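To start, the structure itself, in structure tokens.
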Amino acid sequence: MASLSLVAYEDSDSDEESVSNNDDVSSTLKSDSAVKQFLERPGSCTTGFSEDRPCTNTSPVGPSWQFTPTVWQEPQLVDNCKAALQIPSHALPQNTVCPNPIKRLAPSPAGVRPYIPKRQRLAQTDDCVTPGSSVRSNPNAGTSTITSQASCSKMLSEVSERVCPYLGQKLGRMELPRRSLLQLQAHQGPVNTVQWCPAPHTSHLLLSASMDRTVKQIWDGAESGRCLRTISTHSGAVRDACWSPCGRRLLSGSFDTTATLTDVETGSEVVKVGNQFRVTCLALQPADPDVFLCGGFSPEVKAWDARSSKMVRTYKAGIQQTLDILFLSGGKEFVTSSDSVSRDSADRTLIAWDFGTTAKVSNQIFQERYTCPSLALHPEGESFVAQTNGNYIGIFSAQRPYRMNKKRRFEGHKVEGYAIQCEFSRCGSLLASGSSTGLAHFYDHQSSRTLHTLRAHQEACVCVSLHPVLPSVAATCDWSGEIKIWQ
């Protein structure tokens, strides 16, 4: 006679639980053995069990046995066997589909949740949700995020309450900023430039470009100091950025060799061009803002048309790097600053170009042996200034032959190799400059004397930007990534 076997299917049963059920198992095995002896008698109505079917059960509990499921699929035959042998009904398996009589659910200990298969849990979840109904975990989830985005978009397009009273007024003399109004610290690297939006109705917006790889940020600099938008269109450090005259677009250049024109309100990329060199300076054509110049670590300056994304002109000079680009009045001519300085002369430090013909107008503008990291044009267009590494700012005529005024210069600040920028106020009466010592210097344009010195930062102050509408507001940035708003 074949031996019987006990199979345990409950994964969560412990050894103690198996021992505690030995009595029930023994009674069930005895009943099953009696039924098997009855069915194997001669003349039985069933075909019996298959002796040649191998047993795959290797459980160490109980003897092994062989069976075929055909016997248990006949409920009437099973009832006749039970009646003939006088076996109680609970001794035989109640599940007629599965022939294994040992599979049962053990009671769970107190405080322990029974295991529910994943498919059963998913089925219960589907049963709980009726068709056509909606599930809401939190009716207020995401409301604050949507509200914040709507508020930022509104501030990017509407007139600031602080700027509104000054719109339409006659432009007066710029007042000197005295105290710190806001301090912004969101960049992880040096800030190369800050610039107020030139459009009066959105002049509360402040642009900052940093070396912290791919970050250009727009701030509400006039009121709250909130960061309204972060634009990450570059994979390298953003060396220069500027506003379009309408204030709706931003032009940025990066060390990833690209220049990008970005929509301010949506943050989407309008056009992106590759220059095959690291871009360090940019300039929009005043007469046609869709055309812009790119300069950098190359002897060439390239002109691009944003409408076609094609290069329209190339300006070649025997230099190594272009430090800055400045369009003169009308946009017919522009000046580039380079690092081409020799021991005896600096005949290519400043070069004047004809924008239409790409010809050099003059390369004998600045004769001193200093590089000029930045240039600025006076609002009236009569002159321009050049920041020099000689720790002074030189004044030049904006008309040919671009003579330098050797009797006047702005002194008192330090450059010391930093790309210190300078800027005129909108009225043209003040000239502001940063300093490698962390100071912000304010000069009178007519007398060239120092009017005020502001202790702005601990690190080198690389840029000072004067507000175009508010009479006494300025923004400064330094080499550590700090931005401050002054009033």
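Quantities reported herein were computed from a predicted structural model and do not represent experimental measurements.
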Report task. Any chance you could lay out the side chain to side chain contact (heavy atoms under 4.5 Å, CB included) test for V273 and F292, step after step, and finish with the verdict? Result -> CA-CA 11 Å; V273 297; F292 58 90; 4.1 Å; yes

Query raised in the report: Under the salt bridge (charged side-chain N to carboxylate O under 4.0 Å, His left out) criterion, do E380 and R426 qualify, and how do the steps go?
Result: CA-CA 9 Å; E380 296 179 0; R426 189 176 181 185; over 6 Å; no

Query raised in the report: After noting the C-alpha distance and the side-chain angles of T358 and T314, does the key distance pass the side chain to side chain contact (heavy atoms under 4.5 Å, CB included) rule?
Result: CA-CA 7 Å; T358 70; T314 303; over 6 Å; no

Query raised in the report: Going through the checks in order, is the ring pair (Phe, Tyr, Trp, His ring centres under 6.0 Å) test met by F384 and Y402?
Result: CA-CA 9 Å; F384 70 93; Y402 314 109; 7.0 Å; no

Query raised in the report: Between E368 and Y392, does a side-chain hydrogen bond (donor to acceptor under 3.5 Å, both in side chains) hold up when you go through it step by step?
Result: CA-CA 12 Å; E368 299 187 20; Y392 68 89; 2.3 Å; yes

Query raised in the report: Step by step, would you call Q421 with T193 a side chain to side chain contact (heavy atoms under 4.5 Å, CB included)?
Result: CA-CA 8 Å; Q421 300 183 32; T193 184; 3.5 Å; yes

Requested in this report: Check the pair W353, R313 against side chain to side chain contact (heavy atoms under 4.5 Å, CB included), reporting the backbone distance first and the verdict last.
Outcome: CA-CA 12 Å; W353 302 82; R313 293 179 182 89; over 6 Å; no

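The aromatic rings of F255 and F297 stand perpendicular to each other, their planes meeting at an angle above 60°, with 30° marking the opposite boundary. Ring geometry, H445 versus F410: the interplanar angle falls under 30°, so the pair is classed parallel (tilted spans 30 to 60°).
With contacts defined as side-chain heavy-atom distances shorter than 4.5 Å, the pair T260/L251 does not qualify. The side-chain heavy atoms of L328 and L377, taken from C-beta on, include a pair separated by under 4.5 Å. Within the 4.5 Å cutoff, the side chain of D240 has no heavy atoms near those of the V279 side chain. Proximity of I420 to S433: side-chain heavy atoms (C-beta onward) are separated by under 4.5 Å at one or more points. Side-chain atoms of L350 and T336, non-hydrogen and from C-beta on, never get closer than 4.5 Å to each other. Proximity of S252 to H234: side-chain heavy atoms (C-beta onward) are separated by under 4.5 Å at one or more points. The shortest distance between side-chain heavy atoms of D324 and P373 does not fall below 4.5 Å. The closest side-chain heavy-atom distance from L293 to F327 is below 4.5 Å.
Atom OG in S425 sits 9.5 Å away from atom CG in L176 (nearest 0.5 Å). Rounded to the nearest 0.5 Å, atoms CG (L184) and SG (C227) are 9.0 Å apart. The distance from atom OG of S235 to atom CG of D256, rounded to the nearest 0.5 Å, is 4.0 Å. Summarising the geometry, atom CD1 belonging to I325 is positioned 7.0 Å from atom SG belonging to C294; distances are rounded to the nearest 0.5 Å. To the nearest 0.5 Å, atoms SG (C164) and NE2 (H204) are separated by 11.5 Å. Taking CD1 of I483 as the reference point, atom CH2 of W219 lies at 5.5 Å (rounded to 0.5 Å).
Side chains of T437 and S435: a donor on one and an acceptor on the other come within 3.5 Å. There is no side-chain donor-acceptor pair under 3.5 Å between H441 and T450. Side chain to side chain, Q183 and E482 meet the donor-acceptor criterion of an N or O pair below 3.5 Å. Residues S338 and Q321 have side chains that never bring a donor and an acceptor to within less than 3.5 angstrom of each other. A side-chain donor from one of S448 and R408 sits under 3.5 Å from a side-chain acceptor of the other. Side chain to side chain, Q487 and H467 fail the donor-acceptor criterion of an N or O pair below 3.5 Å. If you check the side chains of W304 and S309, you find no donor sitting under 3.5 Å from an acceptor. No side-chain donor from either of K484 and Q185 sits under 3.5 Å from a side-chain acceptor of the other. A donor and an acceptor atom, one from each side chain of S268 and D263, are nowhere located under 3.5 Å apart. For the residue pair Y443/E411, the side-chain donor-acceptor check at 3.5 Å is not satisfied. Using modelled atom types and a 3.5 Å distance limit, the side chains of H457 and T476 yield a donor-acceptor pair. Inspection of the E416 and S436 side chains reveals an N or O donor paired with an N or O acceptor under 3.5 Å.
Within 6.0 Å of the CD atom in E269, the count of heavy atoms belonging to other residues, nucleotides or ligands exceeds 12. Atom CZ of F277 is surrounded by more than 12 heavy atoms from other residues, nucleotides or ligands within 6.0 Å. In K272, the NZ atom is crowded: over 12 heavy atoms of neighbouring residues, nucleotides or ligands sit closer than 6.0 Å. The local environment of CZ in R162 is crowded, with over 12 non-hydrogen atoms from other residues, nucleotides or ligands closer than 6.0 Å. Atom CD of Q320 has 12 or fewer neighbouring heavy atoms from other residues, nucleotides or ligands inside a 6.0 Å radius.
The pair D444-R173 counts as a salt bridge, with a side-chain nitrogen and a carboxylate oxygen less than 4.0 angstrom apart. We find that R307 and D288 are joined by a salt bridge, their nearest charged nitrogen and carboxylate oxygen being less than 4.0 Å apart.
For Q195 (side chain) and W243 (main-chain N/O), a donor-acceptor pair under 3.5 Å exists by modelled atom type. Under the 3.5 Å distance criterion, the side-chain polar atoms of T258 are left unmatched by any main-chain donor or acceptor of G274. Under the 3.5 Å distance criterion, the side-chain polar atoms of D354 are left unmatched by any main-chain donor or acceptor of E333. Between the side chain of D212 and the backbone N or O of Q188 there is at least one donor-acceptor pair closer than 3.5 Å. No donor-acceptor distance shorter than 3.5 angstrom exists from the side chain of N275 to the backbone of R278, with no hydrogens or angles considered. The closest donor-acceptor contact from the side chain of T280 to the backbone of T322 lies under 3.5 Å. For the pair N389 (side chain) and G417 (backbone), a donor-acceptor distance under 3.5 Å is present. A side-chain donor-acceptor contact under 3.5 Å links S210 to the backbone of G189.
Taking every heavy atom of both residues into account, S429 and C427 meet most closely at OG-SG, 2.9 Å. When every heavy atom of A475 is checked against every heavy atom of I485, the shortest pair comes out as CB-CD1, 3.8 Å. Heavy atoms only, all atoms of each residue included: G434 and V464 are closest at N-CG2, 3.9 Å. Minimum interatomic distance between K316 and K360 (heavy atoms only, all atoms of both residues): O-CE, 3.7 Å. The heavy-atom pair separating P177 from S472 by the smallest distance is CB-O, 3.7 Å. The two residues G331 and F355 come nearest to each other via the heavy atoms O-CB, 3.7 Å.
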